[in-house]
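Take a look at the structure below.
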Amino acid sequence: MATEGTVAIRLTEVEAYAGMSDPGSHAYRGRTNRTAVMFGPPGHVYVYFTYGMHWCMNLVCDAEGTASAVLLRAGEVVRGHDLARARRGATVADRELARGPARLTKALGVSGDLNGTDLLRQGGPLRVLAGTPVPDNMVATSSRTGVGGAGAVHPWRLHIVGESSVSPYRPAVPRRRVRTR
DNA sequence: TGGACGATTGACT
DNA sequence: GTCAATCGTCCAT
């Protein structure tokens, strides 16, 4: 059955977000109902809804009380291709299944109801597992995607060199729709 | 209470 | 290459 089973991915691209000191972070303005998870204990997921249709997924890393998050931007599906493709579309190529933050959550079947899930709890709906360490010389850094202004100064986007599942870089776009102001 | 905007994607020219 | 879709959240009245 296509709606059951497990999809596993190997992360190939992430972005780091600090809390109160990072203008690019949702937690920059302090703790709100939405960002409460980021201020919580590490090992939990912060899932947020954006653009009226997409879910993005972060791992909380720092100690409880300190906002922090690592956005999972892209990954390579290593298990559960059929299920991932059932969620993403029958014609989607393997490397496209989780190439991009919203695509990644869709391939994994993650949505807002998993916000705050403990990734370290055995038997939970989501798990994070230790994989093969990536050598430093295979990791490249760049400015964060879609983050402009003062938040762009941090080269906190990390990706594995040569990985075809890394999402294409897009510079921050101020706002396309023209509004009178 | 109202309005602007977003850690994006996919469709279209 | 450009642009619309779509709605939760947050800030300014």
Parallel, tilted or perpendicular: ring planes of A:W55 versus A:F49, cut at 30 and 60 degrees: tilted

A:R79 CZ: over 12 foreign heavy atoms closer than 6.0 Å: no

Enclosure of A:N33 CG (heavy-atom neighbours >12, cutoff 6.0 Å): no

Carboxylate-amine/guanidinium contact A:R73 A:E15, below 4.0 Å: yes

Under-3.5 Å donor-acceptor pair between A:Y51 side chain and C:dA5 base: no

Watson-Crick or G-U wobble partner of B:dA7, both distances under 3.5 Å: none

Ring centroids of A:Y17 and B:dA7 base under 5.5 Å with planes under 30°: yes

Minimum-distance nucleotide to A:R103 side chain [options: C:dC10, C:dC7, B:dG10]: B:dG10

Could you tell me how far apart [X] ([atom1]) and [N] ([atom2]) are, to the nearest whole angstrom?
X      : N      : atom1 : atom2 : answer
A:L71  : B:dT8  : CG    : P     : 7 Å
A:M53  : C:dG8  : CE    : P     : 12 Å
A:E96  : B:dT8  : CD    : P     : 16 Å
A:W55  : C:dT9  : CH2   : C1'   : 12 Å
A:Y46  : C:dG8  : OH    : C1'   : 11 Å
A:L158 : B:dA7  : CG    : C1'   : 14 Å
A:H54  : B:dG10 : NE2   : P     : 7 Å
A:R34  : B:dC5  : CZ    : C1'   : 10 Å

Has [X] got a side-chain N or O lying under 4.0 Å from the OP1 or OP2 atom of [N]?
X      : N      : result
A:R29  : C:dC11 : yes
A:R157 : B:dA7  : no
A:R88  : B:dG10 : yes

Side-chain touch A:V78/A:I9, heavy atoms, less than 4.5 angstrom: no

